[in-house]
Amino acid sequence: MPELPEVETCLRGIAPHLRGRRILRLEARERRLRWPVTPQIDAAVAGQPIEALQRRAKYLLLDLPSGSLILHLGMSGSLRVLPAETPPGPHDHIDLMLDDGKCLRLRDPRRFGSLHWAASPATDHPLLTQLGPEPVSPGFDGGHLHRRSAGRRAPVKTFIMDSRIVVGVGNIYASESLYRAGIHPQRPAGRISRTRYDRLATSIKAVLAAAIAEGGTTLRDFVQEDGNPGYFARELRVYGREGEPCPSCGHPIRQRRIGQRSSFYCARCQR
DNA sequence: CCGGACGCCTGTCGGC
DNA sequence: TGCCGACAGGCGTCCG
């Protein structure tokens, strides 16, 4: 489910409820997520105060005095802060019991999400060391994309979804960014000019920022912390719109699979 | 190193 | 109505 805007929305939703709180204990009803949720994690977080929350790529980091809890929502994960006694649903796998009678509850039907423990700093964890720059940061721009794309023959859509190049751009926002930049998703990454990469970097920043402002994109089941959907779905110009007229030229939006992921584009506006 | 394919899971939807 | 395959917002791993 979640790309960067949805994870950021999630962070903003839960942060006010978690700041200054202490974790009493971790309660697991299902430990078989992407990786097993080990009892070692339970032991590490029990009794610890939450000192800070942050996002890195699509990971949420809960910083505790002795390290960080690293949380990933996978394809179908979501988080709510609820009264501790709220009965769990069938896919409510993990609760972090808090010291104010509430709990942070992870729901994840497909179980592609994960929980890790990192002795500080979290950025040294193997899952985080290879990550590229945050897209909404000065370190990310067209020059970066242009340099990293040299010699690459893979489609540009695959290229910008590679977290070693830039983090947080998932399947929806990759299609949307390329559409707004006028670049065909299948064009080899190494055959795009610096000028066009400038446009692409600008598009990525703008699309992600706009999506965050709308609380993310709800296609099926994504909900914000308060249970409301994200409203960026109505701003999508190509994703999920196969056969509909291109908002710019009226040509029908096309769909095809690129790198095992469905991709949407306008064959007339994107070259 | 790079690029492509696969697998992990469950739920939903469209076609027959 | 029921079944069955395809597909879904991610990503680590393996293979050539």
Side-chain angles (χ1 to χ4, degrees), chain A residues 1-10 29-37 55-60 70-79 89-94 106-116 125-132 135 147-178 185-191 204 207-208 211-212 214-224 229-236 238-243 255-264:
Chain A
M1 105 186 359
E3 302 181 36
L4 186 149
E6 292 73 38
V7 178
E8 181 69 25
T9 297
C10 178
R29 284 171 288 272
E30 174 57 84
R31 293 181 176 273
R32 296 171 302 166
L33 302 188
R34 176 81 201 265
W35 286 282
V37 179
R55 179 190 57 72
R56 172 70 174 115
K58 298 171 190 169
Y59 295 94
L60 289 170
I70 304 173
L71 214 151
H72 196 286
L73 297 174
M75 288 279 265
S76 60
S78 60
L79 291 170
H91 301 297
D92 291 339
H93 305 309
I94 306 285
L106 171 68
R107 170 174 299 184
D108 186 3
R110 292 178 72 181
R111 293 193 273 124
F112 289 168
S114 60
L115 238 58
H116 298 271
H125 191 278
L127 289 173
L128 305 191
T129 50
Q130 304 293 334
L131 295 175
R147 282 190 302 278
R148 296 297 304 269
S149 67
R152 294 205 179 217
R153 283 159 299 165
V156 61
K157 174 164 181 274
T158 308
F159 174 69
I160 60 172
M161 289 178 68
D162 182 341
S163 63
R164 292 165 302 185
I165 304 302
V166 57
V167 301
V169 183
N171 202 38
I172 296 177
Y173 301 112
S175 279
E176 291 297 310
S177 303
L178 289 164
Q186 202 136 38
R187 174 168 288 272
R191 294 190 45 244
I204 289 172
V207 167
L208 295 179
I212 291 169
E214 294 289 335
T217 298
T218 296
L219 293 184
R220 273 162 289 276
D221 50 7
F222 172 73
V223 288
Q224 306 184 46
Y231 297 106
F232 194 71
R234 59 191 181 194
E235 312 290 332
L236 298 176
V238 290
Y239 187 89
R241 298 193 182 280
E242 188 199 7
Q255 173 179 17
R256 72 201 282 182
R257 289 189 87 73
I258 299 174
Q260 286 82 243
R261 310 298 299 276
S262 68
S263 311
F264 301 86

How about CZ on A:R29, more than 12 heavy atoms from neighbouring residues, nucleotides or ligands closer than 6.0 Å, or not? yes
Side-chain contact test, heavy atoms from C-beta onward, threshold under 4.5 Å: evaluate it for A:I165 versus A:R152 and give yes or no. yes
Output yes when a side-chain donor or acceptor of A:E3 lies under 3.5 Å from a complementary backbone atom of A:P5, and no otherwise. no
Under 4.0 angstrom, heavy atoms only, what part of the nucleic acid is A:P155 near: base, sugar-phosphate, or nothing? sugar-phosphate
Find the runs of at least 3 consecutive base pairs, i with j, i+1 with j-1 and so on, that include DNA chain B, using Watson-Crick or G-U wobble geometry with both distances under 3.5 Å. B:2-8 with C:10-16, B:10-16 with C:2-8
Whole angstrom value for the distance that separates P of B:dC9 from CD of A:E30: 10 Å
Over how many whole Å does the gap from A:R148 atom CZ to B:dG3 atom P extend? 11 Å
N or O in side chain of A:T158 less than 4.0 angstrom from B:dG4 OP1/OP2: no
What nucleotide, of C:dG9, B:dG11, C:dG10, holds the atom closest to the side chain of A:I172? C:dG9
So which nucleotide from C:dG10, B:dC6, C:dA8 ends up closest to the side chain of A:Q260? B:dC6
Just how far, in rounded Å, is C1' of C:dC7 from CD of A:E242? 13 Å
Rounded interatomic separation in angstrom, taking CG from A:L4 and P from C:dG10: 11 Å
Which part of the nucleic acid, if any, lies within contact of A:Y173, taking any heavy atom under 4.0 Å across all strands shown: a base, the sugar-phosphate backbone alone, or nothing? nothing
Considering every strand and a 4.0 Å limit on heavy-atom distances, what is the contact class for A:R164: base, sugar-phosphate, or nothing? nothing
Separation of B:dG3 P from A:Q186 CD (nearest whole Å): 14 Å
Phosphate contact (B:dT10 OP1 or OP2) by A:R111 side-chain N/O below 4.0 Å: yes
Atom pairs and distances, donor-acceptor, side-chain atoms in residues 167-176 of chain A, under 3.5 Å, two or more places apart:
| from | atom 1 | to | atom 2 | distance (Å) |
| --- | --- | --- | --- | --- |
| A:N171 | OD1 | A:K157 | NZ | 2.6 |
| A:N171 | ND2 | A:S262 | O | 3.1 |
| A:Y173 | OH | A:E6 | OE2 | 2.6 |
| A:Y173 | OH | A:T217 | OG1 | 2.6 |
| A:S175 | OG | A:F264 | N | 3.2 |
| A:E176 | OE1 | A:R180 | NH2 | 3.0 |
| A:E176 | OE1 | A:R237 | N | 2.8 |
| A:E176 | OE2 | A:R237 | N | 3.2 |
| A:E176 | OE2 | A:V238 | N | 2.9 |
| A:E176 | OE2 | A:Y239 | N | 2.8 |

Taking the side chain from A:S76 and the backbone from A:R110, do they hold a donor-acceptor pair closer than 3.5 Å? yes
Please report, rounded to the nearest Å, how far the P atom of C:dG9 is from the CZ atom of A:F264. 8 Å
Within the structure provided, determine whether A:S78 and A:R107 are in side-chain contact (heavy-atom separation under 4.5 Å). yes
Any donor-acceptor pair under 3.5 Å linking the side chain of A:R234 with the backbone of A:L236? no
Would you measure the distance from the P atom in B:dC9 across to the matching atom in C:dC3 and give it in whole Å? 25 Å
Nucleotide by nucleotide, nucleotides 11-16 of chain C touches protein heavy atoms under 4.0 Å in the pattern (B base, S sugar-phosphate only, - none) BS----
Report yes if some heavy atom in the side chain of A:H116 is under 4.5 Å from a heavy atom in the side chain of A:H125; otherwise report no. yes
Does a side-chain heavy-atom distance below 4.5 Å link A:L106 with A:V37? no
5' precedence on DNA chain B between A:H91 and A:R152 (nearest-nucleotide basis): A:R152
Nearest-Å distance, CZ (A:R257) to P (C:dA6)? 11 Å
Can you measure A:R110 atom CZ to C:dA6 atom C1' for me and round it to whole angstrom units? 12 Å
With rounding to the nearest 0.5 angstrom, report the CG to OH distance, A:L128 to A:Y59. 6.0 Å
